[in-house]
Every structure is written in C-alpha cells, then in structure tokens.
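Report on one structure; see the data block that follows.
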Amino acid sequence: MSKKGKKAKMPLSDEEQLLLFQQKLLAEEEMAKKKERLLSQFLKDKLAKEEHNSALNLYKINTQWRTVLREVKTRELHKDIEILSQTFERVVDCKDSVIKSLATDLSEAEEQYAHALRSHLHSIDQLLALQRSRLNLLEESYNMELEALTKEFETERKTIIDQHEKEIHYLQDVFMAMEQNYIDSEYESKLEFQSMWDDLKNKNLEEKHFLRLHLENTVEDLWRRFQDALKSYTDATEDQKIAFETLKVKDERSSKEIEAQMKKIQKLQDSIIILRGKIMVHSHENEDRNQYIRKDKELVLAQLRKLKAQRSHAREISQENLVKLTLESNATLKALRKIVDKGEKILKLAEICRKFETEEEKVLPFYSSVLTPKEQAEIEEIYREELTEELSKVIVNYTGMENFWKRYNKVKLEQLSLQQRRAQLLEINGKLREMLKQYLDGISVSDEVLSQLNPLFIVNHRSNLPQPLSTPTTQPGDKQPPTTYNIIEAAHVISHIL
C-alpha cells in the first residue's frame with residue numbers, strides 16, 4: 001500500500017497530461033453524443049405516441065359523430081318514409097279509383113267500338129267497291145287504247161317493211177340489168193379488139209414477105225458482086241480472108257439479132273398506137289355510160305335516203321308514242337298507288353280517332369244539320385247559281401263523301417273550340433301563377449323579397465309599402481273599413497332572437 005501511494009503521488013509528465021486531457025475530451029464527446037441520441041430517441045418515441053393517440057382520438061370522435069349523424073339521419077328518414085307511405089297510400093287509392101272507372105269505360109268503349117267497327121267496315125266495303133269499279137273502268141280504257149296503238153304500230157310497221165322489200169327488189173333488178181349491159185358491152189369490145197388484131201397481124205405478115213423478097217434479090221446481087229470481089233480479093237488477100245469470115249459470121253449474127261429486135265419494136269409500137277386509139281374510143285364510150293349510171297345511182301341513193309329518213313321518222317314517232325304511253329301508264333300507276341296509300345292512311349287515322357270518340361259520336365256518328373229548311377233552300381239556290389256543268393259533274397262523283405265531310409267539319413269545329421278553351425285555360429293558369437308567386441313572395445324571406453315591396457314585412461311597426469298621403473275622413477253614416485292585421489313570420493323572429 002505504501003508503494004502504491006508513492007507511485008500515485010509521483011508527478012506526471014507533460015505528455016501524460018496531454019494524453020489524459022485528450023482521453024477526458026473524448027469521453028465527454030462520447031457522453032454528449034449518447035445524450036443527443038437518447039434525447040432524439042425519446043422525442044421520436046413521444047412523437048409516435050402522440051400521433052397514435054391523436055389518430056385514436058380522431059377515430060373515436062369520428063365514430064361518435066357518425067353515430068350522432070346516423071341517429072339524426074334515421075329520424076329524418078323515418079319521417080320521410082312516413083310521409084311517403086301516406087302519399088303512396090293516397091296515390092294507390094286514387095289509382096284504384098281511376099282503374100275502376102277506366103275498366104267501366106273500357107267495357108263501354110269495347111261495345112261502342114264493335115258497333116262503330118261494323119259500321120266502318122260496311123262503309124269501307126262500299127268505298128272499296130266504288131274504287132274497284134273505277135279501277136276496272138280505267139283498266140279497260142287503258143287496254144283499249146293500248147290495243148289501238150299496237151294495231152296502228154303493227155300496220156305501219158308492215159307497210160314500211162313491204163315498201164322496203166319492194167324497193168330492195170327494184171334496186172336488185174336495176175343492178176342486175178346494169179351488170180348484164182356491162183357484160184354485153186365488154187364482150188363486143190373484146191370481139192372488135194380480136195378482129196382488129198387479126199387484120200393487123202395479116203398486114204404485117206404480107207409486108208414482111210414483100211420485104212423479104214426484095215431483100216433476097218438485093219442480097220443475091222450483092223452476093224454475086226461480092227463473089228467476084230471475093231475472088232479478086234482472095235487472090236490478093238488470102239490472109240485477111242480468115243479474119244473477114246469470122247467478122248462476117250459475127251456480123252450476120254448481130255444483123256439477125258438487130259433485125260429481130262427492130263421487128264419486135266415495130267410490132268410493139270404499132271400495137272401500142274392501135275390500142276391507144278381503141279382505149280380512147282372505149283374511154284369516151286365508157287365515160288358516157290358511167291355518167292349515165294352515176295346519175296341513176298345518185299337518184300337511187302336519194303330515194304334510199306328519203307326512205308331511210310321516212311323509216312327513222314316513223315320509228316321516232318312510234319318510239320315517242322311508246323314512251324308517252326309508258327310515262328302515262330307509270331303516272332297513272334303512281335297516282336293510283338298514292339290514292340291507295342292515302343286511303344290506307346285515312347283508315348289508320350280513322351281507327352286511331354275512333355279511340356277518342358265520345359259515346360254520342362259512337363251512337364250518332366253523323367250529326368243532323370242545324371240549319372232550318374229555309375236556310376238550306378237558300379244555300380241550295382246559291383250553289384245552283386254558282387255551279388257550272390263541269391263542277392256539277394265533279395261534285396256528282398263525290399256525293400258519297402258527304403258523311404265524311406260532315407264528320408271532318410265537326411272535328412274541325414271541336415278542334416277550334418278546344419284551341420280557344422286551351423288559350424283561356426292558359427290565361428287563367430298564368431294569372432293563378434302570378435297570384436301564387438305574389439303569395440309565396442309575401443310569406444317567404446330572402447334578399448330578393450326584402451329588396452321588393454312586401455305587405456307582410458314589418459320592422460319597428462312600419463311596413464315597406466308606400467303609405468297614402470291623405471286618408472278620407474269617415475262620416476258617421478258611412479261604413480267603417482275592414483281592420484287590417486300585420487303578420488310577422490315566426491322564422492324571421494326566431495332568427496333575430498337566436
């Protein structure tokens with residue numbers, strides 16, 4: 001123990017003091033960091049607890065508020081259900097009474113409908129019979145016109161075809177005659193050409209024979225002279241004889257060829273001259289014939305064009321007639337279809353309107369005239385003066401529609417009366433709406449009502465209505481005016497009190 005105390009009391013060096021001081025500083029820094037960590041962890045735990053508690057409290061408040069709202073809502077719903085049940089029972093009672101009345105009306109309406117249906121079917125049968133008779137008459141007239149047009153067309157067609165065939169036969173005969181004439185003229189010209197060719201041939205042969213005899217005589221004379229000269233020459237020039245003989249052979253050959261060619265050329269020239277003359281003669285004759293034939297051809301073509309134009313004109317007329325006929329037939333069919341559709345539409349409208357007929361209309365569909373006999377007689381006289389023959393004929397066709405026009409006029413009058421009644425009711429409704437609006441404005445409190453004049457609004461014993469300037473003094477014998485009471489709405493008072 002003494003040694004240890006001695007050692008502790010020994011002084012420390014500077015280095016050891018620095019180390020101790022550094023250790024202390026490190027220990028203090030670690031302690032400060034631990035405290036900061038503990039403080040931050042404590043604050044985090046506290047914040048989490050507070051958040052948990054706040055969420056729990058909010059949930060409790062919401063559950064309690066929901067229960068309160070549910071109770072209030074259930075009370076309101078109970079009240080609404082009671083009101084709705086009462087209104088529903090009232091509506092059901094009204095509907096039951098309406099259904100009973102409608103059932104009785106329906107039974108009566110079925111009986112009246114059956115009676116009206118029988119009368120309506122009878123009138124429809126009459127109208128259908130009338131329409132069928134008119135359609136039959138129109139169909140018969142259409143068929144008669146169609147047959148007449150077809151007969152006219154067939155007759156015109158037959159006449160045109162016969163005339164066309166006759167003209168074709170005539171043209172064929174003319175063509176055959178012209179062709180026969182041309183063949184005959186060609187045969188005659190051929191015979192004339194052959195005879196002239198034979199004459200020329202014989203003449204050329206005679207001339208050739210005469211020339212041959214003349215040439216033979218001259219050649220014999222020349223031959224004799226040549227023989228004499230040849231002998232003297234052969235005696236003088238035997239060497240040139242051989243060459244001369246060879247040249248002589250060549251000369252004979254060339255002379256023969258030249259002679260033959262000259263004869264051919266002469267013959268061809270003579271034949272060309274003869275043929276040219278014949279061609280000129282035949283060309284003049286053929287030109288005259290061709291001109292005559294051309295004139296005939298032009299006349300025939302002009303007649304053919306006229307016939308073609310007449311045929312095309314007849315075809316156009318027949319085609320126009322057929323087009324007109326088809327258009328008129330289509331127009332009549334469309335008009336008849338429109339009439340049928342209109343009749344069906346009228347029947348459908350009649351069936352629809354029959355549902356809205358009253359009992360009186362079902363029992364007595366055609367009302368009796370309200371006019372007196374004198375008034376009816378005056379009206380008939382006026383109509384007789386104004387009516388013409390055409391109009392009277394048209395009116396006779398529509399005498400069966402008098403009952404229809406009676407009912408139509410009756411419906412038109414009822415429509416006009418209902419329109420007037422509707423206008424009156426709309427006017428009354430507008431007045432009632434204005435009165436109701438004034439009443440509601442008087443009993444309600446809003447900014448618009450307060451800004452306007454309101455007889456029920458009184459503040460400090462004063463109304464916002466303008467007061468009269470002077471009040472008439474009451475006499476002792478006069479009646480006193482009725483007393484007026486000012487009324488203040490309870491909601492307005494409660495809102496000011498609360």
Rounded distance [0.5 Å steps], [atom1] in [X] versus [atom2] in [Y]:
X: Q261; Y: S254; atom1: CD; atom2: OG; answer: 12.0 Å
X: R212; Y: L205; atom1: CZ; atom2: CG; answer: 9.5 Å
X: D199; Y: K203; atom1: CG; atom2: NZ; answer: 9.5 Å
X: L137; Y: R132; atom1: CG; atom2: CZ; answer: 14.0 Å
X: L275; Y: F193; atom1: CG; atom2: CZ; answer: 4.5 Å
X: R157; Y: T150; atom1: CZ; atom2: OG1; answer: 13.0 Å

Answer yes or no: is there a side-chain heavy-atom contact under 4.5 Å between [X] and [Y]?
X: W197; Y: K201; answer: yes
X: V92; Y: F88; answer: yes
X: R253; Y: K256; answer: no
X: E252; Y: K248; answer: yes
X: V340; Y: R337; answer: no
X: R422; Y: L425; answer: no
X: R224; Y: D221; answer: yes

I'd like to know whether [atom1] of [X] has more than 12 heavy-atom contacts from other residues, nucleotides or ligands below 6.0 angstrom.
X: E427; atom1: CD; value: no
X: E154; atom1: CD; value: yes
X: K263; atom1: NZ; value: yes
X: H164; atom1: NE2; value: no
X: K95; atom1: NZ; value: no

**Asked** Are L127 and Q131 close enough, and set up right, to give a side chain to side chain contact (heavy atoms under 4.5 Å, CB included), and what steps lead you there?
**Response** CA-CA 6 Å; L127 288 171; Q131 188 66 22; over 6 Å; no
Do you know the tightest heavy-atom contact between [X] and [Y]?
X: T326; Y: V323; answer: OG1-O, 2.6 Å
X: T104; Y: S101; answer: OG1-O, 2.5 Å
X: K278; Y: M196; answer: CE-SD, 2.6 Å

**Asked** Partners of R289 by side chain to side chain donor-acceptor pair (under 3.5 Å), sequence neighbours excluded?
**Response**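 Partners of R289 under the side chain to side chain donor-acceptor pair (under 3.5 Å) test: S185.
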**Prompt:** Passes side chain to side chain contact (heavy atoms under 4.5 Å, CB included), K345 versus L349? Steps please.
**Reply:** CA-CA 6 Å; K345 189 176 180 181; L349 290 171; 4.3 Å; yes
Per-pair distances, 0.1 Å, donor-acceptor, side chain in residues 69-83, under 3.5 Å, sequence neighbours excluded:
{"unit_1": "T74", "atom_1": "OG1", "unit_2": "R70", "atom_2": "O", "d": "2.8"}
{"unit_1": "T74", "atom_1": "OG1", "unit_2": "E71", "atom_2": "O", "d": "2.5"}

**Item:** Flag, side chain of N62 to backbone of L58, donor-acceptor distance under 3.5 Å
**Value:**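 Pair found, side chain donor or acceptor close to backbone of L58.
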**Prompt:** Donor-acceptor pair, D251 side chain versus L247 backbone, under 3.5 Å?
**Reply:**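 Such a contact is absent between D251 side chain and L247 backbone.
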Enumerate donor-acceptor pairs with a distance under 3.5 Å from any side-chain N or O in residues 296-317 to protein atoms, sequence neighbours excluded.
{"unit_1": "S312", "atom_1": "OG", "unit_2": "K308", "atom_2": "O", "d": "3.2"}
{"unit_1": "S312", "atom_1": "OG", "unit_2": "A309", "atom_2": "O", "d": "2.7"}

**Item:** Any side-chain donor near an acceptor of the partner, H122 and Q126, under 3.5 Å
**Value:**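 Present: a donor and an acceptor within the cut-off.
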**Request:** Go through the steps for L336 and L138 under the test side chain to side chain contact (heavy atoms under 4.5 Å, CB included), then give the verdict.
**Result:** CA-CA 10 Å; L336 292 172; L138 290 170; 4.3 Å; yes
